[in-house]
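What follows is a short report on a single structure.
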Amino acid sequence: MLTGDIPPNQTIYIKNLNEKVKKEELKRSLYALFSQYGRILDIVALKTTKLRGQAWVVFSEVTAASNAVRQMQNFPFYDKPMRIQYAKSKSDCIARAEGTYDKKKKQEEKAERKRRVEEAQQNATPNGPRAESNGGPAASSRPGRPSAQEAVADPNNILFIQNLPYETTSMMLDVLFKQYPGFREVRMIEAKPGIAFVEFEDDIQSSVAMQALQGFKITPQNPMAISYAKK
DNA sequence: AGCACA
């Protein structure tokens with residue numbers, strides 16, 4: 001519903017982002033937050049007047065995008081709830097990969113956009129034409145696919161670590177996790193070897209650490225499995 | 001509010 005009637009796309013369009021966040025940090029945080037849903041091929045964010053506060057995250061799979069749209073909808077990100085939809089068009093990086101990227105066509109589209117802006121400025125009519133929408137077709141509440149996929153826990157400032165070697169100590173994990181901003185503490189339970197909880201100040205910081213250390217091997221047999229702790 | 005590919 002919040003996705004409007006835009007058909008599924010492997011790229012998601014995010015708006016209502018905090019415009020004060022610097023572009024590079026924004027991209028990093030988006031990457032950290034969204035890579036749990038699948039492989040991210042590209043993130044586009046521009047700070048021009050028209051495009052600030054928005055970003056596109058390109059996934060390698062549509063199912064990943066679908067999960068992200070649903071599960072991260074309204075997620076408070078830098079104090080503002082993210083509004084997520086499918087992107088309206090195919091990302092250039094996808095078109096390039098498919099070999100369908102047409103540079104000429106691209107330039108024409110750009111020129112066309114520019115033309116329309118200028119035109120709009122020409123007839124700066126006091127009461128412009130009513131762009132009345134008819135509400136569109138009664139779209140089904142969900143895009144075509146059932147998307148029977150494993151649920152990802154909601155983001156949490158506490159991480160749940162599994163598959164640790166038996167001899168892991170909290171000091172070892174401390175060293176590993178405290179390199180990431182917002183680190184608070186590691187908690188391990190004597191009676192339960194192989195797991196740990198690592199707390200950060202907020203969801204974003206925990207996500208950054210998760211992304212960075214996901215699969216990290218303390219021993220060759222023990223790639224860390226990091227997920228969000230259950231609330 | 002705003003759908004791009006610096």
Side-chain angles (χ1 to χ4, degrees), chain A residues 1-35 37-137 139 142-144:
Chain A
M1 195 88 286
L2 274 162
T3 64
D5 38 20
I6 304 161
N9 188 313
Q10 73 197 91
T11 300
I12 58 173
Y13 167 72
I14 311 169
K15 59 183 179 179
N16 199 40
L17 293 169
N18 189 325
E19 298 179 12
K20 286 178 290 209
V21 182
K22 289 194 292 294
K23 194 166 73 182
E24 281 320 307
E25 177 182 347
L26 180 70
K27 286 194 190 184
R28 274 206 313 278
S29 298
L30 286 172
Y31 189 87
L33 212 52
F34 281 100
S35 54
Y37 297 103
R39 202 154 83 80
I40 294 174
L41 303 179
D42 195 18
I43 297 184
V44 175
L46 295 296
K47 295 274 267 184
T48 59
T49 29
K50 193 178 166 209
L51 293 169
R52 64 187 53 159
Q54 301 151 80
W56 289 261
V57 176
V58 187
F59 287 100
S60 65
E61 305 286 345
V62 184
T63 51
S66 300
N67 285 334
V69 168
R70 284 201 313 272
Q71 301 196 33
M72 294 303 275
Q73 196 60 259
N74 302 321
F75 176 76
F77 188 59
Y78 295 105
D79 304 319
K80 298 187 70 179
M82 291 198 269
R83 302 278 129 87
I84 314 176
Q85 304 171 331
Y86 292 113
K88 285 182 181 163
S89 60
K90 184 181 298 226
S91 296
D92 283 2
C93 77
I94 303 298
R96 276 186 240 267
E98 289 175 345
T100 57
Y101 183 76
D102 183 346
K103 193 165 187 179
K104 241 202 214 100
K105 189 167 151 219
K106 222 51 211 186
Q107 286 164 347
E108 282 162 20
E109 284 168 3
K110 202 157 205 166
E112 169 69 8
R113 273 198 297 273
K114 192 170 175 185
R115 239 200 64 240
R116 301 195 53 143
V117 169
E118 286 160 359
E119 184 181 276
Q121 281 160 353
Q122 285 293 313
N123 9 319
T125 49
N127 12 342
R130 303 235 76 114
E132 200 60 72
S133 144
N134 61 8
R142 249 167 305 135

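This one's a predicted model, so the numbers in the text were calculated from it and none came from an experiment. Quick note on labels: first sequence line is chain A, next is B, and so on, each numbered from 1.
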Sub-4.5 Å side-chain heavy-atom contact between A/Ile14 and A/Phe75: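 With C-beta onward as the side chain, the pair stays apart.
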
Pairwise 5' ranking along DNA chain B for A/Lys106 and A/Lys80, keeping only the more 5' one: A/Lys80

Where each residue is assigned the nucleotide of DNA chain B containing its nearest heavy atom, which of A/Lys23 and A/Tyr13 is assigned the position nearer the 5′ end? A/Tyr13

At under 4.0 Å between heavy atoms, what does A/Glu19 touch on the DNA or RNA strands: base, sugar-phosphate, or nothing? base

Within the 4.0 Å heavy-atom criterion, would you say A/Asp42 contacts the bases, only the backbone, or no part of the nucleic acid? nothing

Distance-only donor-acceptor pairs under 3.5 Å for side chains of residues 17-24 of chain A, two or more places apart:
residue	atom	partner	partner atom	Å
A/Asn18	OD1	A/Lys20	N	2.9
A/Asn18	ND2	A/Tyr78	O	3.0

Pairing donors with acceptors under 3.5 angstrom, does anything connect the side chains of A/Tyr37 and A/Thr63?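 Short answer, no.
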
What is the separation between atom [atom1] on [X] and atom [atom2] on [N], rounded to the nearest whole Å?
X        : N     : atom1 : atom2 : value
A/Arg52  : B/dA4 : CZ    : C1'   : 15 Å
A/Arg96  : B/dA4 : CZ    : C1'   : 12 Å
A/Lys90  : B/dA4 : NZ    : P     : 17 Å
A/Gln107 : B/dA6 : CD    : P     : 12 Å
A/Lys103 : B/dA6 : NZ    : P     : 10 Å
A/Ile14  : B/dA1 : CD1   : P     : 18 Å
A/Leu17  : B/dC3 : CG    : C1'   : 13 Å
A/Glu24  : B/dA6 : CD    : P     : 13 Å

Please confirm whether any donor atom in the side chain of A/Thr11 sits under 3.5 Å from an acceptor in the base of B/dA4, or the reverse.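 Not at all, since no donor on one side and acceptor on the other fall under 3.5 Å apart.
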
Nucleotide of [options] approaching [X] most closely (side-chain heavy atoms):
X       : options             : value
A/Thr48 : B/dC5, B/dA6, B/dG2 : B/dA6
A/Val44 : B/dA6, B/dC3, B/dC5 : B/dC5
A/Leu51 : B/dG2, B/dA4, B/dC5 : B/dA4

So with a 6.0 Å cut-off around CD of A/Glu25, is the heavy-atom count from everything else above 12?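 Counting other residues, nucleotides and ligands, CD of A/Glu25 exceeds 12 neighbours.
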
Check the orientation of A/Phe59 and A/Phe34. Use parallel for under 30°, tilted for 30 to 60°, and perpendicular for over 60°.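 Rings of A/Phe59 and A/Phe34: perpendicular, as their planes differ by over 60°.
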
